[in-house]
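A short write-up of the structure that comes next.
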Amino acid sequence: MTTSRGHQGAHGIGQVEEQLNNQAQAAEQIQGSNKTDQAIIAAANEHSSELDDIIERGTT
């Protein structure tokens, strides 16, 4: 059980992200993916890795 509103909010956001990811995967399985979708996914992953690098540098 969560003990703080911040933790509850973070947990809720994680659940929303997981649900959206599941919906996107289901849509891709039904419709297939196109070049635009692939480009968006690639760009999103690229930005995530850049952000991870920044966070890592800040914690070391």
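All of these numbers come straight from a predicted model, not from anything done at the bench.
Not counting sequence neighbours, the partners of Gln23 by the side-chain contact (heavy atoms from CB on, under 4.5 Å) test are Gln19, Leu20. Under the side-chain hydrogen bond (donor to acceptor under 3.5 Å, both in side chains) criterion, Gln38 pairs with Ser33, sequence neighbours left out. Qualifying side-chain contact (heavy atoms from CB on, under 4.5 Å) partners for Gln25, counting only residues two or more places apart in sequence or in other chains: Asn21, Asn22.
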